[in-house]
Protein chains: 2
Amino acid sequence: MDLSPLINHIRNYISLEFSDADLLLLQEYIPIVHYKKGSILLKEGEISKDSYFNFRGCVRMFYNINGVEKTANFYTENKFITVFDSYTQKKPSEVYLECIEDCTLAKISFDSEQELLKKFPKLEVLSRLILEEELSTYQNIVATFVSLSPEERYVNLMENRPELLNRIPQYYLSSYLGVSPESLSRIRKRIFSK
Amino acid sequence: MDLSPLINHIRNYISLEFSDADLLLLQEYIPIVHYKKGSILLKEGEISKDSYFNFRGCVRMFYNINGVEKTANFYTENKFITVFDSYTQKKPSEVYLECIEDCTLAKISFDSEQELLKKFPKLEVLSRLILEEELSTYQNIVATFVSLSPEERYVNLMENRPELLNRIPQYYLSSYLGVSPESLSRIRKRIFSK
DNA sequence: ATAACTCGTTGACTTTGGTTAAGAAAAGCT
DNA sequence: AGCTTTTCTTAACCAAAGTCAACGAGTTAT
């Protein structure tokens, strides 16, 4: 099991080198797990015991509102996946996490994380940076809802996360954009006939 | 100047008692400032040097999109006000902060905060908790946009932050809900004629 | 291979929101 | 008080989104 994509990614946030012994320790604490498309990592009401780092695949975060699934976010390669409310405060989750592709994830249990933070105190900073990045992501999402029409949000998505359009089924995208699947279909028709 | 509302509020997050000497020190580092309605605390493009704790009044966070102001959040009594991106990473702010009422705020400069963190290391935890609370707030806002209609978002606001409805002008609320002022007026008419 | 299912599109219809413009109501000012 | 400015409402019209239903292309299962 090769953690190097994770290690490399950590270097984007903080300067921290690991010795060979460190790496063995990391590999002990952080298993890499394969999940089949359709696997549910977390259900509404459960307390999230693990956070993840995405090596390959796509994880969808969604709410179930009266039986209708509403997508809040997509986590693709090299993203950390944490349901912060539930993970850090041990509250029941309001969201589901679902692998919508076959996924390869580093699985970091809460207890392992605490151990690793003792061993590598520098990682404290990392978790704060990830939290800030996540906040920034959500602030941007709110900004698009407050300031853009559904059509403009779709165009915005084409510009900012074009890779999503080719790999995410449209009915997931539509709920992420806050419109019905039929509307997204018509929005696309309008855009591409221009 | 009496910091006790702030001290009491901090107790909601962490257990931390201050001696009389501590209090004097806090008062030295954290001035309490009065702002007139209409005061701008931060402009787009500026780097946020201060975070605030709201004793009294209401601060509005908004984007300026092509000359149109779009409200992202309202901060009322006993809320911490921080533009995290800009404050922690010294990036130009994308948002404005405006006092939409006469306000009394504790003003915490970045440098003071660093000094205080040295003196009271327990406060480190506090800043993380505030960050998590802010993330949770934004996740909830996204949830309402993804899953509710404008009318339902207004009803949701009546249920969850009813105090806002009586003190915030409707044209600010409308941009917070992502609709035009005229639409909000019609939404209210629909709701109250039921 | 065919049946069942999933997903995307389209049409018809209704509801809702955006826009522009006008005016009413409320708040602030001298 | 009277005047001005700000805020809210209403109307008319158009564009867009929701809903329901049908259809077809593509996939999966048996």
Side-chain angles (χ1 to χ4, degrees), chain A residues 36-40 58 60 62-71 74 98-102 144-158 164-194, chain B residues 35-40 57-58 60 62-63 65-71 74 98-103 144-158 164-194:
Chain A
K36 281 273 165 214
K37 176 177 173 175
S39 303
I40 302 288
C58 181
R60 179 173 77 108
F62 66 93
Y63 297 84
N64 183 318
I65 310 284
N66 304 325
V68 183
E69 296 183 358
K70 304 287 183 172
T71 302
F74 300 104
E98 174 193 16
C99 298
I100 60 172
E101 300 174 354
D102 289 350
T144 68
F145 273 107
V146 166
S147 63
L148 302 180
S149 67
E151 179 168 332
E152 289 168 328
R153 283 201 294 281
Y154 185 77
V155 172
N156 179 65
L157 200 63
M158 290 198 300
L164 289 186
L165 304 189
N166 302 317
R167 65 194 282 191
I168 310 274
Q170 229 166 271
Y171 64 107
Y172 288 151
L173 284 179
S174 70
S175 80
Y176 179 62
L177 294 168
V179 299
S180 68
E182 294 92 335
S183 276
L184 180 54
S185 178
R186 284 184 291 228
I187 285 169
R188 283 165 49 83
K189 194 177 175 184
R190 277 205 304 271
I191 290 175
F192 296 125
S193 68
K194 277 178 186 166
Chain B
Y35 295 91
K36 281 273 165 215
K37 176 176 172 175
S39 303
I40 302 287
C58 182
R60 179 172 78 108
F62 66 93
Y63 297 83
I65 310 284
N66 305 324
V68 183
E69 297 182 357
K70 303 287 182 171
T71 302
F74 299 104
E98 175 193 16
C99 299
I100 59 172
E101 301 174 354
D102 289 350
C103 286
T144 68
F145 273 107
V146 165
S147 63
L148 303 178
S149 68
E151 178 167 334
E152 289 167 329
R153 283 202 293 282
Y154 185 77
V155 172
N156 180 64
L157 200 63
M158 292 198 300
L164 289 185
L165 303 189
N166 302 318
R167 65 194 283 190
I168 311 273
Q170 231 167 269
Y171 65 106
Y172 289 151
L173 284 179
S174 69
S175 79
Y176 179 63
L177 294 169
V179 299
S180 68
E182 294 89 341
S183 275
L184 179 54
S185 181
R186 284 186 292 224
I187 286 168
R188 283 163 49 82
K189 194 177 174 184
R190 278 207 301 272
I191 291 175
F192 295 125
S193 68
K194 276 174 186 168

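Labels below follow one simple rule: chain letters A, B, ... track the order of the sequence lines, proteins then strands, and each chain is numbered from 1.
The shortest distance between side-chain heavy atoms of B/Val179 and B/Tyr154 does not fall below 4.5 Å. With contacts defined as side-chain heavy-atom distances shorter than 4.5 Å, the pair B/Cys58/B/Arg167 qualifies. Looking only at side-chain heavy atoms (C-beta outward), B/Tyr171 and B/Leu184 stay at 4.5 Å or farther from each other. A heavy-atom distance below 4.5 Å is found between the side chains of A/Lys36 and A/Ser39. Side chains of A/Tyr172 and A/Glu98 form a contact here, defined as non-hydrogen atoms less than 4.5 Å apart. Between B/Val146 and A/Tyr63, every side-chain heavy-atom pair lies at or beyond the 4.5 Å cut-off. Between A/Lys70 and A/Phe62 the shortest side-chain heavy-atom distance does not fall below 4.5 Å.
Note: CG (B/Leu148) to P (C/dT16) measures 15 Å, nearest angstrom. With rounding to whole Å, B/Phe145 atom CZ is found 13 Å from C/dG17 atom P. Computed from coordinates, the A/Glu151 CD to D/dG18 P distance equals 13 Å when rounded to whole Å. In this structure, OH of B/Tyr171 is placed 15 Å from C1' of C/dA25, rounded to the nearest angstrom. Taking atom CD1 of residue A/Ile187 and atom C1' of nucleotide D/dA17, one finds them 8 Å apart after rounding to whole Å. Whole-Å rounding puts the B/Glu152 CD to D/dA17 P distance at 17 Å. Summarising the geometry, the separation between CD1 on A/Ile191 and P on D/dA16 is reported as 11 Å, rounded to the nearest angstrom. A/Lys36 places its NZ atom 12 Å from the P atom of D/dT28, with the value rounded to the nearest Å.
Of the possible polar contacts, none joining the B/Arg153 side chain to the B/Ser147 backbone as a donor-acceptor pair under 3.5 Å is found. Using a distance-only test at 3.5 Å, with no hydrogens or angles considered, a donor-acceptor pair links the side chain of A/Ser193 to the main chain of A/Lys189. The closest donor-acceptor contact from the side chain of B/Asp102 to the backbone of B/Lys37 lies under 3.5 Å. In this structure, the side chain of A/Ser175 engages the main chain of A/Thr71 through a donor-acceptor pair within 3.5 Å.
Counting only N and O atoms by type, the side chains of A/Ser149 and A/Glu152 include a donor and acceptor under 3.5 Å apart.
Within residues 172-184 of chain A, the residues that have a heavy atom under 4.0 Å from DNA chain D are, in order of number, A/Gly178, A/Val179, A/Ser180, A/Glu182, A/Ser183. Listed by residue number, the members of residues 62-70 of chain A with any heavy atom below 4.0 angstrom from DNA chain D form an empty set.
The side chain of A/Arg190 contributes an N or O atom lying less than 4.0 Å from OP1 or OP2 of D/dA17.
Rounded to 10°, the angle separating the first-five-pair axis and the last-five-pair axis of the helix from C/dA1-D/dT30 to C/dT30-D/dA1 equals 50°.
Across D/dC8, D/dT10, C/dG8, the shortest atom-to-atom separation from the side chain of B/Gln170 is found for D/dC8.
Of the two residues contacting DNA chain C, namely B/Lys37 and B/Ser149, the nearest-nucleotide position lying further toward the 5' end is that of B/Ser149.
Remark: the B/Arg186 side chain and the C/dG18 base include a donor-acceptor N/O pair separated by less than 3.5 Å.
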